[in-house]
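Report on the following structure.
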Amino acid sequence: MRFFPWGFWLLWVAAASSSSARSDGGNKPRSCAELRQLYGAKGFSPSGVPQAEISGEHLRICPQGYTCCTSEMEENFANKSRHEFEGMLKEATRSVQVILTAQYKNFDGYFQDLLNKSEKALYDTFPSMYGDLYTQNSKVFKDLYSELRRYYRGSNINLEEALNEFWIRLLERLFKLMNPQYYLPDEYVDCMVKHSEQHKPFGEVPRDLKLKATRAFIAVRSFVQGLGVGNDVVRRVSQVPLSQYCTRAIMKLMYCAHCRGMSNVKPCNGYCRNVLKGCLANQADLDPEWKNLIDSLLLVADRFDGPSNVDIVIGTIHTRIAEAISNMQENRESIKAKTFQGCGNPKLNSKASSAEEKKRRGKYVSEDKPSGLSSEKLVSDAKGKLREIRDFWVALPSTLCNEKVSSGSVNEDRCWNGMAKSGYLPDVMGDGLANQINNPEVEVDITKPDMTIRQQIMQLKIMTNRLRNAYNGNDVDFQDTSDDISGSGSGDSCIDDICGKKLSKSASTRPPETHPMPKQSGQGVGGNSNILLPSSFLLLLSLAAVAAQYLRR
């Protein structure tokens, strides 16, 4: 199993060794006297602590044989074990959050840096290349980069429409500047724009850039949002409290051996795994959708190379615009002739100046790739990190119960099994809530799944559908996927073209304002819904009809 085990067993061992009762070097068991002195047994003085065990009828969690523990000690152990386990669980999930946060910052900074450098290059080079063509229309370029940036950050913008609007505005401005000797009212300019689809004044640049830029921006935005959603899911799940039954089982696992004078005996591995599989059953149910999210992120990361290479597409937007302007400059006479043919000859402008003849004409220089920028290493590192955490939820119980914590395979017959120092006979349960019905160590109500975790499963489904569509170049609103997700609840994720055909109502790139989450109400996920069922609705209609007939009488 590919995972990152070192951090987890170190956390467990560190927490365990922080207990005074376990700081005995691993060999010497604590005596009853030492335990009572360390864990606040009232009624016993350090100088007069009896060395023998006492009757254990007072114990509520640990086995009720002869014991070193008083009721107060058992309660102290229960509180201590709960705090230790919750702390270790939060540390474990925090390690995943650290990975996702780091990747989010790396990619977000990289993508925004690409866009910023392209914009700066345009501002630095266009004044000298195009003169009045740029200086009198600088706002058009600034607005384009502003829209691209807003789209990437999550604003509700149709990216294709934003690009189309840019080219239309640029064409209107440039055509007027290139033909100052003519009077061009708005109606004539509108006619010119309509005919531009035929004579393509900018060449194939607008079409090519729109195709590649939309796919690139959809990919990078959904990828970064996917990292953010994954991080948010982990954070919310880490705050889910332990059940009362789990708290008792954890205490019995970690500290009841102390009460029997066996503080140096490790829990049996199977016993440890059964306890944690029961306590983390709801978390394990995240596994299928968590893997779908990770796999979808890996798919989208593959889109950063090839035809939609983000380095080239995002980092060279300014060069594509320069290429388009050069095309229009070189074909200005042909464009003018075709426009006059389609829209008629405009009137001469008596107020026109001769400044147009003095404007500079820039030469487009092709750039295959922005210098010094490459997403190859970022993508490679991200893929490695994402694969590390792919099995996180389902592997967590076994990882925490490794040989540094439990007995392992060497001492299977000389370990703490919850009752004595012996072997552990029960079978280890499967993963997830449904498999805990016969868990011998933890009482788990499989009919009452944790609603916070169910809601996070929905978040993963929603983001996975969005990522799968982004892989196919489709940007689908979360609202478009809500019906599929809240319907059957099967958890099957649509793949590639199937998902695109199923969810994409159009080729729109309109996104939600941010990566919004469904309301945390539990509706549609095994919770109580306020939505009227069809039968209820029909019943109401029938009652209304009867009432109406009665009133007419």
Exercise for the section: Apply side-chain contact (heavy atoms from CB on, under 4.5 Å) to the pair Leu293 and Lys461, showing each step before the final yes or no. Expected result: CA-CA 8 Å; Leu293 177 75; Lys461 289 181 179 181; over 6 Å; no
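- Counting heavy-atom neighbours within 6.0 Å of Ile437 CD1, excluding the residue itself, gives a total of 12 or less.
- Considering only heavy atoms from C-beta on, Phe392 comes within 4.5 Å of Thr93 through its side chain.
- Remark: the backbone N or O of Ala395 is paired with a side-chain donor or acceptor of Thr399 at under 3.5 angstrom.
- Rounded to the nearest 0.5 angstrom, Glu86 CD and Glu91 CD are separated by 13.0 Å.
- Inter-residue side-chain proximity for Val229 and Ile462 is flagged as unmet; no heavy-atom pair is nearer than 4.5 Å.
- Electrostatic pairing of Glu84 and Lys80 counts as a salt bridge here, judged by a charged N lying under 4.0 Å from a carboxylate O.
- The two atoms that bring Gly432 and Ala284 nearest to each other are N-CB, 3.6 Å, heavy atoms only.
- Distance check, rounded to the nearest 0.5 Å: OG of Ser155 to CZ of Arg153 gives 8.5 Å.
- Here the side chain of Gln436 pairs a donor or acceptor atom with the backbone of Gly430 at under 3.5 angstrom.
- A disulfide is assigned to Cys62 and Cys256, since their SG atoms are nearer than 2.5 Å.
- Between the side chain of Trp290 and the backbone N or O of Ile389, at least one donor-acceptor pair lies under 3.5 Å.
- Under the 4.5 Å side-chain criterion, counting only non-hydrogen atoms from C-beta, Gln225 is not in contact with Leu467.
- Ile250 contributes atom CD1, which lies 9.0 Å from atom CG of Leu89 (distance to the nearest 0.5 angstrom).
- Between the side chain of Gln103 and the backbone N or O of Leu227 there is no donor-acceptor pair closer than 3.5 Å.
- Scanning for side-chain hydrogen bond (donor to acceptor under 3.5 Å, both in side chains) contacts around Asp431 gives Lys277, with sequence neighbours left out.
- Residues Ala216 and Ile314 share a closest heavy-atom pair of CB-CG1, 4.4 Å.
- Taking Phe111 as the reference, Phe107, Phe304 meet the ring-ring contact (aromatic ring centres under 6.0 Å, His included) condition, with sequence neighbours excluded.
- Side chain of Asp108 to backbone of Tyr104: no donor-acceptor contact under 3.5 angstrom is found.
- Using a 4.5 Å cut-off on side-chain heavy atoms (C-beta onward), Glu74 and Phe77 make no contact.
- Partners of Pro241 according to the side chain to side chain contact (heavy atoms under 4.5 Å, CB included) rule, which considers only residues two or more places apart in sequence or in another chain, do not exist here.
- Here the CG-CG distance, from Leu297 to Asn292, works out to 11.0 Å after rounding to the nearest 0.5 Å.
- Screening residues 432-450 for salt bridge (charged side-chain N to carboxylate O under 4.0 Å, His left out), with sequence neighbours left out, gives no hits.
- A donor-acceptor contact shorter than 3.5 Å links the side chain of Arg221 to the backbone of Tyr151.
- A pairwise comparison of heavy atoms in Pro449 and Arg454 identifies CB-NE, 3.3 Å as the closest pair.
- Taking a 6.0 Å sphere around NZ of Lys90, one finds it holds 12 or fewer heavy atoms contributed by other residues, nucleotides or ligands.
- Smallest separation of non-hydrogen atoms from Pro397 and Leu280: CG-CD1, 4.1 Å.
- In this structure, Cys415 SG and Met262 CE are separated by 10.5 Å, a value rounded to the nearest 0.5 Å.
- Closest of all the heavy-atom pairs between Phe223 and Val300 is CB-CG1, 4.0 Å.
- Using modelled atom types, no side-chain atom of Arg466 and backbone atom of Gly226 make a donor-acceptor pair closer than 3.5 Å.
- Between the side chains of Tyr424 and Asn274, at least one donor N or O lies within less than 3.5 Å of an accepting N or O.
- If you take CG on Asn439 and CD1 on Ile446, they are separated by 11.5 Å, rounding to the nearest 0.5 Å.
- Listed by chain and residue number, nothing satisfies the salt bridge (charged side-chain N to carboxylate O under 4.0 Å, His left out) test with Lys385 (two or more places apart in sequence, or in another chain).
- Listed for the Trp393 side chain is no donor-acceptor partner under 3.5 Å among the backbone atoms of Pro288.
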Handout entry: Verdict with reasoning, Gln283 to Val237, per side-chain contact (heavy atoms from CB on, under 4.5 Å)
Key = CA-CA 7 Å; Gln283 286 84 340; Val237 171; 3.7 Å; yes
Exercise for the section: Evaluate the side-chain contact (heavy atoms from CB on, under 4.5 Å) criterion for residues Leu460 and Gln456: first the C-alpha distance (whole Å), next the side-chain angles of each, then the deciding distance (0.1 Å), finally the verdict. Expected result: CA-CA 6 Å; Leu460 295 175; Gln456 300 317 304; 5.7 Å; no
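- In this structure, Arg390 and Leu298 have side chains that are not in contact, with every pair of non-hydrogen atoms separated by 4.5 Å or more.
- The side-chain hydrogen bond (donor to acceptor under 3.5 Å, both in side chains) check on Ser296 picks up Arg468, with sequence neighbours excluded.
- Within the 4.5 Å cutoff, side-chain heavy atoms of Asn116 are placed close to those of Arg149.
- In terms of heavy atoms, Ala249 sits closest to Val442 at CB-CG2, 3.6 Å.
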Problem - Working for side-chain contact (heavy atoms from CB on, under 4.5 Å), residues Leu276 and Leu396 - result: CA-CA 8 Å; Leu276 295 195; Leu396 189 54; over 6 Å; no
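- Arg235 and Asn231 share no donor-acceptor pair across their side chains, judged by distance under 3.5 Å alone.
- The closest side-chain heavy-atom distance from Trp416 to Cys268 is not below 4.5 Å.
- Distance alone, capped at 3.5 Å, is enough to place a donor-acceptor pair between the Asn269 side chain and the Cys401 backbone.
- With salt bridges taken as basic N to acidic carboxylate O contacts below 4.0 Å, none links Asp295 and Lys291.
- Contact annotation: the side chain of Arg94 never approaches that of Ser238 to less than 4.5 Å [non-hydrogen atoms, C-beta and beyond].
- Looking only at distances, no side-chain donor or acceptor of Arg273 sits under 3.5 Å from a matching main-chain atom of Ser398.
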